[in-house]
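Notes for the one structure printed next.
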Number of protein chains: 2
Amino acid sequence: MFRSFGGDGFPVVRRSRLTGQPAARSGHLDLLVALEGIGVRRAVARDAEIYGEGSPCGGWYKVISGTVRICKLMADGRRHIAEFCFAGDSFGLDIGGEHLFSAEAVSDAIVMRFPLHATRQLIDKNQHIARGLCELTLRGHAHAQTRMLLLGRMTAIERVASFLLELAERRDATRVLDLPMARLDIADYLGLTIETVCRVLSGFKRHGVIAIPSAHRIELLDRDALAAACDA
Amino acid sequence: MFRSFGGDGFPVVRRSRLTGQPAARSGHLDLLVALEGIGVRRAVARDAEIYGEGSPCGGWYKVISGTVRICKLMADGRRHIAEFCFAGDSFGLDIGGEHLFSAEAVSDAIVMRFPLHATRQLIDKNQHIARGLCELTLRGHAHAQTRMLLLGRMTAIERVASFLLELAERRDATRVLDLPMARLDIADYLGLTIETVCRVLSGFKRHGVIAIPSAHRIELLDRDALAAACDA
DNA sequence: CGCCAGTTTGACCAAGATCAACGCAAGTGG
DNA sequence: CCACTTGCGTTGATCTTGGTCAAACTGGCG
């Protein structure tokens with residue numbers, strides 16, 4: 001996932017890691033406005049597809065509201081979710097002219113679509129935007145590598161604990177965490193089955209680490225225990 | 001992994017996907033020469049570290065010869081290999097000022113190091129280099145996503161079959177495939193144990209899908225069977 | 001109220017991990 | 001030149017984690 005590129009906050013490109021130069025300078029704000037200008041708003045209903053695997057990649061997206069999942073289906077129906085994108089996250093900038101994964105709305109969502117040709121023109125005008133895009137991709141790559149470690153080497157308990165903490169951090173939740181996605185989505189994100197996710201959550205509840213007031217709401221009662229479970 | 005950026009071949013930036021423009025034009029070759037100019041050659045012995053996890057990221061690298069692994073160690077010793085880099089592949093361009101993974105030589109290797117500050121100057125002179133770097137990262141991200149699917153949802157047999165085919169493709173091997181890495185490296189790359197890797201390889205051998213003339217050499221006798229095993 | 005989709009729990013099963021030998025080829029030193 | 005060591009690789013026996021199958025539960029909604 002690419003977090004917070006463009007729009008409100010714009011924390012990612014505030015400083016370019018590659019150049020070490022602060023990116024905020026004259027002309028920068030204009031670009032933001034320009035970016036907003038070329039974006040096309042689009043509402044997506046729950047479970048509706050934003051783009052399909054293999055479809056031509058003619059633009060990239062940013063989540064305005066709601067949650068989006070980036071996923072892939074195997075021939076026999078096994079599914080894998082590469083990432084969840086929340087408000088402010090960008091996605092869909094794939095290489096090779098077509099999307100490698102499909103994007104679907106987890107809940108009713110609004111996304112902004114930035115056509116590639118218009119983005120190109122912006123890039124030609126000012127390379128800050130190119131740096132931002134590059135940084136975004138780099139960030140996504142770092143996230144993917146961390147997730148590879150999780151999928152390749154972590155136990156079910158560690159995966160679920162990591163997931164809860166990641167989600168809490170990304171959604172700035174201190175205690176109460178609401179999950180926009182279903183258990184099956186979590187399972188497919190963590191490389192587990194829905195039953196295992198349930199069991200681990202129930203286990204955490206039994207040990208007083210979390211509370212589950214409703215299926216899509218989790219209270220983090222003992223964050224330290226979760227953190228300990230991550231690299232046990 | 002970032003394949004073939006800069007130097008001989010330079011296939012990746014031959015056409016920029018983002019802009020759709022052919023990147024080869026006047027001044028391009030100069031940049032290649034310039035890139036070679038800022039690179040510092042370094043020989044690395046087998047199993048020696050090129051940079052460590054958490055060390056400051058002051059440059060990126062390209063493999064000249066040999067093989068490099070990008071890996072991470074968990075607190076309790078579990079290891080994960082994010083990628084293998086062969087001659088021509090680039091690596092080490094991490095975000096956030098420090099390396100998230102460590103890089104080690106699988107076999108005796110020679111790498112070229114490109115300091116970040118010098119790269120910046122090149123970028124300022126011509127943005128083709130920025131595009132190339134960006135494309136490289138995008139490519140790495142695509143690879144990482146594919147690997148997430150493998151680690152999250154594939155069986156041991158599918159993983160090993162995918163590995164053999166990936167390796168064959170990347171090393172342009174038609175039949176005979178030599179593995180520079182040890183079984184343990186393969187296991188840590190595929191999220192398996194060394195015993196499972198051995199057993200699966202032995203199984204393939206028993207069914208006549210491959211031959212194993214020596215531990216580090218594998219002959220692909222039935223490529224179709226391997227391909228079928230990938231998405232069985 | 002009853003249905004339905006999603007969630008939870010339990011009983012059982014299997015893929016792959018762990019533990020333990022054994023094989024084998026490349027050094028190493030006498 | 002040959003015992004001996006050492007580091008991988010391979011194979012077998014057993015165990016554990018998480019998957020599979022099945023049933024019960026829960027909350028929302030017509």
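In what follows, every chain begins at residue 1, and chains take the letters A, B, ... in the order their sequences are listed.
Considering all non-hydrogen atoms of both residues, B:Met181 and B:Ile186 come closest at CG-CG1, 3.6 Å.
Distance, A:Lys205 NZ to C:dT8 P: 7 Å, rounded to whole Å. Atom CD1 in B:Ile194 sits roughly 9 Å away from atom C1' in D:dT10 (whole-Å rounding). Between the CD atom of A:Glu158 and the P atom of D:dT16 there is a distance of 18 Å, rounded to whole Å. Whole-Å rounding puts the B:Arg79 CZ to C:dA17 P distance at 15 Å. Across the protein-nucleic acid pair, A:Arg206 atom CZ and C:dT9 atom C1' stand 10 Å apart, rounded to whole Å.
Side-chain atoms of A:Arg41 do not come within 3.5 Å of backbone N or O of A:Met112 as any donor-acceptor pair. At distances below 3.5 Å, at least one donor-acceptor pair connects side-chain atoms of B:Arg147 with backbone N or O atoms of B:Tyr189.
Side chains of B:Gln145 and A:His141: a donor-acceptor N/O pair is absent below 3.5 angstrom, by distance only. If you check the side chains of A:His80 and A:Asp188, you find no donor sitting under 3.5 Å from an acceptor. Side-chain atoms of A:Thr119 and A:Trp60 form a donor-acceptor pair, as typed in the model, at a separation below 3.5 Å.
Two rings, from A:Tyr61 and A:Tyr51, have their centers less than 6.0 Å apart.
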*B/S/- contact track for nucleotides 17-22 of chain D, protein heavy atom under 4.0 Å*: -SSBB-

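For residues 180-190 of chain A, proximity to DNA chain D is found at no residue, defined as any non-hydrogen atom under 4.0 angstrom from a strand atom.
For C:dT7, the OP1/OP2 oxygens have a side-chain nitrogen or oxygen of A:His216 closer than 4.0 Å.
Under 4.0 Å is where a charged nitrogen must lie from a carboxylate oxygen, and between B:Asp76 and A:Arg153 no such pair does.
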